[in-house]
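To keep things clear, I will list the structure first and then write my remarks on it.
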Amino acid sequence: MNKVYLTTAIPYVNGEPHIGHAMDYLLADVCARYHRLLGDEVKLQAGTDEHGGKIWKKAEELGISVEQYVDDNVKKFRDFIAKLDISYTDFVRTTDSNHERRCQEIWRILSDYIYKAEYEGWYCTGCERFVTEKEYEENHGVCPDHQKPYEKLQEENYYFKISDFKDRIRMAIESGEMLILPEFRKKEILRLLEDTPDVSISRPTSQLVWGVKVPDDDSQVMYVWIDALSNYLTALGYPEEDITDWWPPVAQFVGKDILRFHAIIWPAMLIVLGLPLPKTMVSHGMVLADGQKMSKSIGNVVNPVDVLDRHGLDAFRYYFLRHVDTFADSDFTWEKFEDAYNNELANDLGNLVQRLATLAAKNNFKFEEKLDFEFDNEYNDLMTKYEFAKAFDYAWNKIQELNRRIDEEKPWSLAKNGETEKLNECLSGLIRDLLRANYALSPFIPGATEKIFEIFSGEITPPEVPLFPKDFVA
RNA sequence: CGCGGGGUAGAGCAGCCUGGUAGCUCGUUUGGCUCAUAACCAAAAGGUCGUUGGUUCAAAUCCAACCCCCGCAACCA
């Protein structure tokens, strides 16, 4: 039995969970369920990123303690993950004392490649942050939010010596030792790698207090990178636990916006720690609303909970796993969602189950075969390439084929003519293939597939409420 | 000339590497069926394959130039 470690990106808990987070969880979950069906032992990590100035500031604005603020938000994310039926096994909060301690240990191990240097840049005292040179020029030296001129400010930061590892990382990416999917992102990263400077990994406590303390230096706290990226290790108990059974991760799922940190800073850390690099980085696209990025200022943000409430979890998973491309940006519209639900889930699958169950019930047919399920080669191939939407398509074609076959084989005529033997043979064949297709669908829509297995075991009775009722409104 | 991806029926996409009657899903129209959730099955309509030029017996496919859209470059999930 293989041990398979999979990870999800840990969201920054300064807001509500949204559809982008769901994508990450869903892809990792499908992968986890697939591996479990193959007989692998799977660990699926999830967690929350809770430090940093933005969170500190938000809590202050709300007039509550920062601990209270993150606790409240973490609960929202955990509830959300539960609603999506994500089969995770480990959950890391970056404010957890175990994580913080392990994270400091990791910093210590990295310390040969960490140096202190002066950072100088344009700073807005209103925003409490540095701005890039470009931003400075665009705003002609004055912060548009505060109408105050930027000040030249210096501070001490710790830096991580990425530059020492560029060649090694490039080789790992080019050789496929650390596979980056999709291919076009890999190219982007290789290009980016060239001009990646050493990265600043701490902030003086005068600027930021809500973070993990830098070991042996009370004047600095860690900035996001070391803290957040370490979670994939601290989840397993590293460094005090032996993680060799689980390391390296088989796949790490990340949004395209954070791929660069996972493909550059993260491998550099692992190289210093003497750990193998993750086998695959799967970078998924964004979910757009009407072709546009969802943003609060445009006001086109689709709340995932609204989508969940409309037709339930299976419909949610169905849409985002089949109609949202695994790698590229894809559109969500309510119209597309409704079409997918009505035409595909209800008409293709729901109706197929209904008609087969009714045929079986009317003819007192019981399905008593014990089936050994296997995945088709083509399906396995797509799943292995993390082409989940395409694998889902492939499995769905089997469902559509079955609807065609029922029309061709006309079991109702066989019943009418009293050809019982032929009828039983026909129904066996149809139900057998339905259950096989159902098995291939189960990593994607586990709720529905479980119900289908149940319907066709023992006494077959069509469900009184169809699997995907069309008039259903929550 | 920053790097990369793309422009194919009303919509979403495949085909391009390895030239040879343009395909899939949804939508539309018509017909069929009756086991089923006004469901299912079949057929049809619908495209000068971004533009221009070149190579070739033959170009969506190869080559060149141009136009347009998008991503990254920017602490946006």
Side-chain angles (χ1 to χ4, degrees), chain A residues 9-12 14-25 49 52-54 129-135 138 182-192 194-196 200 223-225 228 254-261 284-288 291-297 301 304 322-325 327-331 333 335-336 339-340 342-363 389-390 393 396-397 400 402-416 423 426-427 430 462-463 465-472:
Chain A
I10 55 175
Y12 195 55
N14 66 339
E16 306 284 320
H18 54 67
I19 285 176
H21 299 122
M23 278 313 294
D24 207 62
Y25 295 136
D49 177 16
K54 279 189 189 170
R129 69 179 185 105
F130 284 94
V131 297
T132 58
E133 199 61 34
K134 212 172 198 175
E135 205 173 342
E138 272 170 14
E183 184 77 19
F184 65 87
R185 293 280 171 227
K186 167 175 161 181
K187 284 182 190 157
E188 232 170 69
I189 290 296
L190 283 171
R191 167 75 198 177
L192 252 165
E194 301 298 325
D195 353 294
T196 299
S200 158
Y223 189 53
V224 59
W225 313 127
V254 298
K256 66 173 186 182
D257 53 322
I258 52 169
L259 174 64
R260 2 206 290 268
F261 313 119
H284 61 258
M286 303 240 163
V287 178
L288 308 175
Q292 272 186 309
K293 184 160 180 156
M294 291 187 199
S295 91
K296 283 178 192 161
S297 49
V301 175
R322 181 154 187 241
H323 290 296
V324 169
D325 188 281
F327 301 121
D329 291 353
S330 305
D331 215 28
T333 64
E335 195 188 351
K336 284 183 185 179
D339 279 352
N342 288 316
N343 300 327
E344 295 167 19
L345 274 174
N347 293 352
D348 286 350
L349 180 59
N351 184 48
L352 173 66
V353 167
Q354 207 71 17
R355 59 199 301 214
L356 270 180
T358 306
L359 278 166
K362 283 190 178 170
N363 297 293
K390 291 197 174 108
D393 263 343
W396 201 263
N397 279 335
Q400 292 171 316
L402 279 164
N403 271 319
R404 258 170 254 145
R405 243 173 72 194
I406 296 180
D407 276 65
E408 274 164 30
E409 298 182 9
K410 302 187 192 350
W412 55 89
S413 306
L414 298 175
K416 211 176 277 176
L423 173 68
C426 164
L427 290 178
L430 290 166
V465 179
L467 230 39
F468 301 103
K470 283 201 178 173
D471 52 349
F472 178 85

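Naming convention: chains lettered A, B, ... in sequence-line order (proteins, then strands); numbering from 1 in each chain.
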- Query: What nucleic acid atoms does A:Gly350 come within less than 4.0 Å of, heavy atoms only: base, sugar-phosphate, or nothing?
  - Reply: base
- Item | Nearest-angstrom distance, P atom, B:rA60 to B:rC67 | 23 Å
- Item | Separation between the C1' atoms of B:rG31 and B:rG12, rounded to whole Å | 28 Å
- Same-atom distance (P) from B:rC17 to B:rG47, integer angstrom: 26 Å
- Message: So A:Pro466, base contact, sugar-phosphate only, or nothing? Heavy-atom distance under 4.0 Å.
- Response: base
- Item | C1' gap between B:rG10 and B:rC76, integer Å | 33 Å
- Message: Can you check the distance between B:rC69 and B:rA58, where both ends of the measurement are the P atom (answer in whole Å)?
- Response: 35 Å
- Note on the structure: A:Asp339 CG to B:rC26 C1', in whole Å, measures 7 Å
- If you look at every strand shown and take non-hydrogen atoms under 4.0 Å, does A:Asp257 touch a base, only sugar-phosphate, or nothing? sugar-phosphate
- Sugar-phosphate, base or nothing in reach of A:Lys54, heavy atoms under 4.0 Å: sugar-phosphate
- How would you label the contact of A:Val287 with the nucleic acid (heavy atoms, under 4.0 Å): base, sugar-phosphate, or nothing? base
- Message: Distance check needed: B:rC76 C1' versus A:Asp24 CG, whole Å only.
- Response: 16 Å
- If you measure from the C1' atom in B:rG23 to the same atom in B:rG15, how many Å do you get, rounded? 7 Å
- Message: Can you say whether a donor on the side chain of A:Asn351 sits under 3.5 Å from an acceptor on the base of B:rA36, or the other way round?
- Response: yes
- Distance, P atom - from B:rU61 to B:rC70, rounded to whole angstrom: 25 Å
- Message: Whether A:Glu188 and A:Lys256 form a salt bridge (side-chain N of Lys/Arg under 4.0 Å from carboxylate O of Asp/Glu) is what I want to check.
- Response: no
